[in-house]
S.K.: 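Take this structure first; my questions come after.
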There are 2 protein chains.
Amino acid sequence: MPDRSSIPRPAAKRLSLYLREAGICVRIGRQTVSSRQLGEALGVSDAQVRKDLALLGQFGQSGVGYDASALYQQLRQALGTDRNWNTLLVGAGNIGRALLGHAAFEAEGFKITAVFDSATSLVGTTIIGHRIRPMSELGSCVKELRVRIGIMAVPRDAAQVVADQLVRAGVSGLLNFASRRVELPDTVRILSVDFTGSLERLAFEIHAAEGGLAESA
Amino acid sequence: MPDRSSIPRPAAKRLSLYLREAGICVRIGRQTVSSRQLGEALGVSDAQVRKDLALLGQFGQSGVGYDASALYQQLRQALGTDRNWNTLLVGAGNIGRALLGHAAFEAEGFKITAVFDSATSLVGTTIIGHRIRPMSELGSCVKELRVRIGIMAVPRDAAQVVADQLVRAGVSGLLNFASRRVELPDTVRILSVDFTGSLERLAFEIHAAEGGLAESA
DNA sequence: CTTTGTGAAATTATTCACAGCA
DNA sequence: TGCTGTGAATAATTTCACAAAG
């Protein structure tokens with residue numbers, strides 16, 4: 001067994017890509033898939049794919065490739081998505097509603113079990129089948145429903161306060177849609193999705209690609 | 001003038017974080033900010049901050065730090081957000097609507113100038129002040145409004161087709177919300193935001209931290 | 001004093017290239 | 001033949017540490 005105690009961060013990021021691709025292979029009935037094929041589908045070198053998958057153990061077959069469904073199962077297990085994750089959503093605004101309507105979550109094992117909002121005008125109403133709860137119920141909800149991930153779709157100025165509440169309620173991780181860094185105890189993981197930051201990075205790449213040549217004159 | 005095209009990818013990712021922080025400094029009236037302060041606010045080492053900012057030129061002051069508004073301007077210029085970027089949105093579903101209601105885009109120089117959808121039931125209707133246009137208008141719209149970025153908020157199975165249409169229409173970059181890799185000519189940049197993938201990565205980190213399968217820093 | 005900018009060193013990540021297997 | 005798994009080589013990135021500057 002290889003040393004499984006430490007998976008490099010960049011490799012960890014690619015794991016969910018491999019899972020997606022393995023899922024496609026399984027769905028279309030493909031028996032095996034090679035590191036080259038996976039790599040081409042995802043824009044990664046074949047050597048990189050092999051290195052990454054070897055981190056999870058040896059289950060490829062020389063001359064053949066990886067068994068698609070074994071790969072799929074192995075990745076699900078490694079990522080922890082072989083069983084269900086209960087999540088809760090804080091913030092029933094634009095982004096929150098989009099997430100509630102995002103069917104892909106449940107298909108991949110993530111269930112939004114409860115929705116919270118601090119706006120009293122929203123509390124008690126039902127949005128896309130979810131009753132909006134008051135923040136005061138956060139703690140009991142996390143315990144009763146065994147929620148492990150809190151999804152924060154709140155304004156940036158509320159992010160730290162909500163994060164603190166979620167941590168106190170006992171979640172293990174946060175998915176943060178507010179473009180603000182929040183301080184957390186290092187027992188709690190966070191991953192941020194920043195729309196504006198993404199656009200800025202994209203703009204930078206375009207800008208640099210176009211400006212880089214023109215400016216050397 | 002520094003050569004923007006030679007900025008390392010990880011550094012480029014941090015640039016938008018620095019911009020956010022510099023913006024906060026300017027807004028609260030702070031005159032100067034040091035690499036240590038920036039680093040602490042963003043979870044990056046001070047040496048890293050200095051290396052990154054030095055890529056844009058030398059504008060720090062020994063013993064003092066960086067002039068907040070000069071830093072802000074410099075970053076905006078480097079990222080290309082000192083000028084307006086016209087974008088268009090394809091897909092007026094859940095995610096598309098959330099993006100239309102996301103005020104932060106315009107505040108940072110990104111304007112959604114037009115919205116498209118392939119559903120004939122939506123075309124012609126107005127959503128959050130935007131008339132939904134048929135896909136057939138894509139080409140003329142890009143030209144007339146000088147759109148450079150296409151935002152794809154479409155189902156995964158439509159992603160490649162829509163990407164092809166956007167490329168043909170002449171955009172320079174794509175912001176993709178579908179969890180599927182799309183093939184593009186390498187003159188066109190793409191950046192993908194994958195909700196499910198993000199959740200999977202978060203779940204992996206939690207899972208790994210708890211299960212002994214850790215991720216190295 | 002404090003803080004920048006930057007070579008040099010250390011660390012981390014990727015690619016190469018090939019032995020070994022089916 | 002086609003392919004994996006993996007050490008070795010390479011490349012990229014981060015950290016160190018300090019001279020120079022205010």
Side-chain angles (χ1 to χ4, degrees), chain A residues 1-15 17-18 21-22 25 30-72 74-75 78 201 205 208, chain B residues 1-15 17-18 21-22 25 30-72 74-75 78 201 214-217:
Chain A
M1 183 90 74
D3 178 15
R4 301 180 62 180
S5 67
S6 168
I7 291 187
R9 183 165 276 268
K13 284 192 182 182
R14 288 185 294 264
L15 253 35
L17 299 181
Y18 300 141
E21 203 59 27
C25 290
R30 169 167 233 156
Q31 289 289 312
T32 62
V33 60
S34 70
S35 58
R36 169 184 295 265
Q37 291 166 329
L38 278 170
E40 271 175 12
L42 298 169
V44 169
S45 77
D46 57 334
Q48 183 77 83
V49 173
R50 292 197 297 277
K51 267 257 154 80
D52 289 342
L53 295 183
L55 292 169
L56 305 180
Q58 302 184 200
F59 53 97
Q61 228 187 324
S62 297
V64 179
Y66 301 88
D67 179 83
S69 53
L71 177 60
Y72 182 73
Q74 193 76 30
L75 283 165
R201 272 158 46 202
E205 288 198 25
Chain B
M1 180 72 73
D3 180 4
R4 283 177 309 224
S5 61
S6 70
I7 291 182
R9 199 159 237 287
K13 283 190 181 184
R14 288 185 295 264
L15 254 34
L17 299 181
Y18 300 141
E21 203 59 28
C25 291
R30 168 166 233 156
Q31 289 289 312
T32 62
V33 59
S34 71
S35 58
R36 169 185 295 264
Q37 291 166 327
L38 278 171
E40 271 174 12
L42 298 170
V44 169
S45 78
D46 58 333
Q48 184 76 83
V49 174
R50 292 198 297 279
K51 266 259 152 82
D52 289 343
L53 296 183
L55 292 168
L56 306 180
Q58 303 182 198
F59 52 99
Q61 230 184 322
S62 297
V64 180
Y66 300 88
D67 179 83
S69 54
L71 177 61
Y72 182 73
Q74 194 75 31
L75 283 165
R201 271 158 48 202
E215 190 184 17
S216 59

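Just so it is clear: chains get the letters A, B, ... in the order the sequence lines come, proteins before strands, and each one is counted from 1. Bear in mind the structure is a predicted one, so any value in this text is a computation, not a measurement.
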S.K.: Starting from P on D/dT13, measure out to CG on B/Leu15 and report it in whole angstrom.
M.R.: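 To the nearest whole Å, that distance equals 14 Å.
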S.K.: Tell me: CG of A/Leu42 to C1' of C/dT14, nearest whole Å?
M.R.: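 One finds 16 Å between C1' of C/dT14 and CG of A/Leu42, rounded.
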S.K.: Does the pair B/Glu21/B/Arg30 count as a salt bridge with the N-to-O cut at 4.0 Å?
M.R.: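 No.
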S.K.: Who are the salt bridge (Lys or Arg N to Asp or Glu O under 4.0 Å) partners of A/Arg14, not counting sequence neighbours?
M.R.: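 With sequence neighbours excluded, A/Arg14 shows a salt bridge (Lys or Arg N to Asp or Glu O under 4.0 Å) to A/Asp52, given in chain and number order.
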S.K.: State which residues pass side chain to side chain contact (heavy atoms under 4.5 Å, CB included) with B/Ser45; sequence neighbours excluded, sorted by chain then number.
M.R.: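 If we apply the side chain to side chain contact (heavy atoms under 4.5 Å, CB included) test to B/Ser45, skipping adjacent residues, the hits are B/Ala47, B/Gln48.
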S.K.: Rounded to whole angstroms, how far apart are CD on A/Gln48 and P on D/dT6?
M.R.: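 Roughly 15 Å, once rounded to whole Å.
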S.K.: Show me the donor-acceptor pairs within less than 3.5 Å that the side chains of residues 36-44 of chain B make with the rest of the protein, sequence neighbours left out.
M.R.:
{"unit_1": "B/Gln37", "atom_1": "OE1", "unit_2": "B/Ser34", "atom_2": "N", "d": "2.9"}
{"unit_1": "B/Gln37", "atom_1": "OE1", "unit_2": "B/Ser34", "atom_2": "OG", "d": "3.4"}

S.K.: Taking only residues two or more places apart in sequence, or in another chain, which ones meet A/Thr32 in a side chain to side chain contact (heavy atoms under 4.5 Å, CB included)?
M.R.: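 For A/Thr32 the side chain to side chain contact (heavy atoms under 4.5 Å, CB included) partners, ignoring immediate neighbours, are A/Val64.
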S.K.: Distance check needed: D/dG7 P versus A/Leu55 CG, whole Å only.
M.R.: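 Taking CG of A/Leu55 and P of D/dG7, I get 13 Å after rounding.
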S.K.: Go through the structure and list residues passing ring-ring contact (aromatic ring centres under 6.0 Å, His included) with A/Tyr18, not counting sequence neighbours.
M.R.: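 Per chain and number, A/Tyr18 pairs via ring-ring contact (aromatic ring centres under 6.0 Å, His included) with no residue.
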S.K.: D/dG2 P sits how many Å from A/Glu40 CD, rounded?
M.R.: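 The answer, rounded to whole Å, is 14 Å.
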S.K.: Counting only side-chain N and O atoms of A/Ser45, is one of them less than 4.0 Å from OP1 or OP2 of C/dT15?
M.R.: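 Yes, A/Ser45 has a side-chain N/O under 4.0 Å of OP1/OP2 on C/dT15.
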S.K.: What is the separation between atom CG on A/Asp52 and atom C1' on C/dT14, rounded to the nearest whole Å?
M.R.: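 Roughly 10 Å, once rounded to whole Å.
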S.K.: If you restrict it to nitrogen or oxygen atoms, what contacts under 3.5 Å exist between nucleotides 1-4 of chain C and the protein, and what is each distance?
M.R.:
{"unit_1": "C/dT3", "atom_1": "O4'", "unit_2": "B/Gly63", "atom_2": "N", "d": "3.1"}
{"unit_1": "C/dT3", "atom_1": "O2", "unit_2": "B/Gly63", "atom_2": "N", "d": "3.2"}
{"unit_1": "C/dT4", "atom_1": "OP1", "unit_2": "B/Ser35", "atom_2": "N", "d": "2.7"}
{"unit_1": "C/dT4", "atom_1": "OP2", "unit_2": "B/Ser35", "atom_2": "OG", "d": "2.5"}

S.K.: Whole Å only: how far is the CG atom of B/Leu56 from the P atom of C/dG5?
M.R.: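 One finds 10 Å between P of C/dG5 and CG of B/Leu56, rounded.
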S.K.: Check whether any side-chain nitrogen or oxygen of A/Arg9 sits under 4.0 Å from OP1 or OP2 of D/dT14, and answer yes or no.
M.R.: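 Indeed not, no polar side-chain atom of A/Arg9 lies that close.
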S.K.: Under 3.5 Å, is there an N or O donor on one side and an acceptor on the other linking the side chain of A/Lys51 and the base of C/dT14?
M.R.: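 Such a pair does not exist between side chain and base.
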